[in-house]
Amino acid sequence: MADIRVRFAPSPTGYLHVGGARTALFNWLFARKHGGKFILRIEDTDIQRSSEEMVRGILEGMAWLGLDYDEGPFFQADNAEKHREAALELLDRGAAYRDFTPKEERDDATVKERIAEAARQTATRNPFRDLPRVESDARAAAGEPFAIRFKVPEAGRTSFEDAVFGLQEREYKDIEDLVLLRSEGGHPLYNLSVVVDDILMNITHVIRGQDHLSNTHKQVLIYEALGKPVPTFAHLPLILAPNKGKLSKRKHGEIVSITTYRDAGFIPDAFLNFLALLGWAPEDAEFADREIFSRDELIRVFSLEGIHKSNAVFNFTEGDERNWTDQKALWMNAEYIKTWPLDRLLPLVKAELQQAGLWKEEFEGARKAWFDRTIDLVRERCRTLRDFTLKGRPYFVDDLSFEFEEATVKKNLQKDPALRDLLPGLADAFAALAEFNHETTEACLRAFADEKGVKAGLLINATRTALTGQAAGPGLFDVVVAIGQPRASERLRHAASLV
RNA sequence: GGCGCGUUGGUGUAACUGGUUAACACGCCGCCCUCUCAAGGCGGAGAGCACGGGUUCGAGUCCCGUACGCGCUACCA
């Protein structure tokens with residue numbers, strides 16, 4: 001396929017959410033796979049609900065995910081004049097007509113009810129549909145306000161082949177004469193604007209949410225009336241909330257916003273990987289059992305044919321602090337943290353440490369070897385990048401400015417009063433070591449335990465808490481070495497005061 | 001109300017053009033490892049493929065109906 005051009009066209013009425021991000025991702029993957037162009041177009045024609053802040057949010061989200069676009073961002077509102085011209089052209093050709101019916105105000109909250117209500121009454125044809133042209137022109141010239149509606153043909157049906165949902169057909173009689181231009185200021189409406197913009201931008205494949213599937217028939221009609229080629233459509237299944245209801249910013253809040261995942265310490269590649277598998281699976285049997293796909297692999301194996309028809313559930317439990325979002329996403333992120341080549345992970349960890357004020361230049365200089373080893377040690381237990389500063393803090397500060405968990409202190413330090421004397425003793429033993437490594441520290445601690453007639457486990461757990469303030473962590477002697485000789489002794493002495 | 005789309009374990013998915021006890025991942029449970037917590041290894045529970053008919057030697061895979069869910073039906077996008 002040559003000269004493929006796709007677009008992501010979010011409306012800035014909300015932040016970039018998981019559904020939108022996945023739509024963007026699929027467009028991006030498709031473009032990258034086929035060497036096509038990925039275009040970003042902000043559909044801001046609803047001035048009431050659009051805001052610049054939301055535009056920024058969308059841009060930020062895409063930047064974080066690394067979904068780079070080749071053209072844009074374009075703003076649909078900038079093209080309003082072109083849209084108007086198209087409507088006028090349609091009017092000229094007799095494919096549209098002026099509707100002089102006074103505008104009826106509809107408010108957002110009650111539309112659904114009003115639609116149902118109106119449907120119960122028998123539909124009547126718009127009285128202006130067949131108004132003679134001269135009369136229409138005269139009334140318009142006299143300054144009477146009007147909207148422009150598309151004139152849906154009498155008998156027949158539209159059809160198009162959706163790349164995901166297959167052949168779609170709809171009777172003309174089931175399509176109402178949609179408004180193209182509002183009576184107020186000739187403001188163009190969505191169905192007209194998308195079509196005109198997609199024509200202007202030479203879009204070849206329209207990949208978007210399934211919520212547009214029904215409306216596509218109207219758009220096909222507009223393409224045809226304008227005498228332009230109809231692009232290929234590929235509609236994506238929706239992403240639903242756990243109750244299988246709509247995933248909405250209003251109801252589900254932060255959890256659907258992409259920036260939440262950035263701020264929570266997700267690796268963009270991991271989140272992308274997770275998103276890709278929501279409603280899509282590689283066709284190639286070779287990849288059937290794989291879950292982890294790098295960006296390049298996704299590009300390689302992506303295809304429209306692998307997209308599902310049924311909606312996917314974004315699975316999370318509200319109020320569960322540890323599993324605050326889809327557990328598979330969390331698992332995947334941990335998987336990336338554990339298995340990514342260290343040099344790819346390091347920049348992300350650096351950014352995290354910098355943000356927490358824990359970064360020191362020497363981590364890239366004199367202490368690089370130590371730093372790399374320590375990150376490698378700690379990463380095993382991290383689910384998010386935030387954990388590097390949360391759980392990892394004791395490794396990166398020289399003083400005692402890390403948290404001593406209350407319950408842990410009670411359990412590991414205060415359980416046995418003998419520790420008050422044992423810990424300083426162990427501190428001395430550690431300080432006296434000529435070589436400070438895994439073997440020598442372990443031998444030292446065990447010998448010390450033997451000598452004092454206590455179980456090694458008592459000292460091991462107490463030491464972990466003394467050095468990190470935590471009850472859980474890497475193997476103790478790895479911790480001891482990572483903390484290093486001076487800090488270890490110092491922290492052991494300090495811990496004695498907590499007993 | 002009308003039109004459309006969908007329905008495989010709790011979740012995400014797999015199952016060649018109908019053909020062995022429906023597979024994988026997350027999650028859950030147990031065991032091993034062990035100084036803790038993870039990770040890792042091993043094993044287990046969990047769907048008979050929304051339901052009801054039909055076609056067929058044989059259906060998750062084809063057909064019809066029903067239910068449920070979702071979308072659209074706006075001078076919103």
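In what follows, every chain begins at residue 1, and chains take the letters A, B, ... in the order their sequences are listed.
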Give [X] one of three labels, base, sugar-phosphate or nothing, depending on what nucleic acid heavy atoms sit under 4.0 Å from its own.
X: His308(A); value: sugar-phosphate
X: Tyr190(A); value: base
X: Ala281(A); value: sugar-phosphate
X: Ser214(A); value: base
X: Gln327(A); value: sugar-phosphate
X: Glu176(A); value: sugar-phosphate
X: Thr45(A); value: sugar-phosphate
X: Glu171(A); value: nothing
X: Ser183(A); value: base

Kindly say if [X] contacts the phosphate of [N], meaning a side-chain N or O under 4.0 Å from OP1 or OP2.
X: Lys244(A); N: U11(B); answer: yes
X: His235(A); N: G4(B); answer: no
X: Arg149(A); N: C75(B); answer: yes

Base of G54(B) relative to its sugar, syn (within 90° of 0) or anti?
->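 Classified anti.
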For Glu144(A), check side chain to side chain donor-acceptor pair (under 3.5 Å) against everything at least two apart and list the hits.
->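 Side chain to side chain donor-acceptor pair (under 3.5 Å) check on Glu144(A) returns Arg139(A).
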Go through the structure and list residues passing side chain to side chain donor-acceptor pair (under 3.5 Å) with Ser136(A), not counting sequence neighbours.
->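 Applying side chain to side chain donor-acceptor pair (under 3.5 Å) to Ser136(A) gives Arg98(A).
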Between the base of C3(B) and the side chain of Arg170(A), is there any donor-acceptor pair under 3.5 Å?
->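 Check fails, no donor-acceptor contact within cut-off.
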base_contact_polar (A39(B) base, Lys338(A) side chain, donor-acceptor, <3.5 Å) |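 No.
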Is Arg381(A) salt-bridged to Asp387(A), cutoff N-O under 4.0 Å?
->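 No.
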Side-chain ion pair, Arg41(A) and Asp198(A), N-O less than 4.0 Å =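 Yes, this pair counts.
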Parallel, tilted or perpendicular: ring planes of Phe128(A) versus Phe100(A), cut at 30 and 60 degrees =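 Perpendicular, since the angle between the ring planes exceeds 60°.
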Donor on one side chain, acceptor on other, Arg208(A) and Thr216(A), under 3.5 Å |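 The criterion, which ignores hydrogens and geometry beyond distance, is satisfied for Thr216(A) and Arg208(A).
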Quick one, give me the B/S/- string for nucleotides 29-35 of chain B, reading 5' to 3', where B means a protein heavy atom under 4.0 Å from the base and S means that only happens at the primed atoms, P, OP1 or OP2.
-> ------B
From CA spacing to verdict: salt bridge (Lys or Arg N to Asp or Glu O under 4.0 Å), Glu380(A), Lys338(A) | CA-CA 5 Å; Glu380(A) 187 89 351; Lys338(A) 270 185 304 209; over 6 Å; no
Partner nucleotide of G1(B) by Watson-Crick or wobble geometry (both distances under 3.5 Å) |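 The answer is U73(B), by the H-bond criterion.
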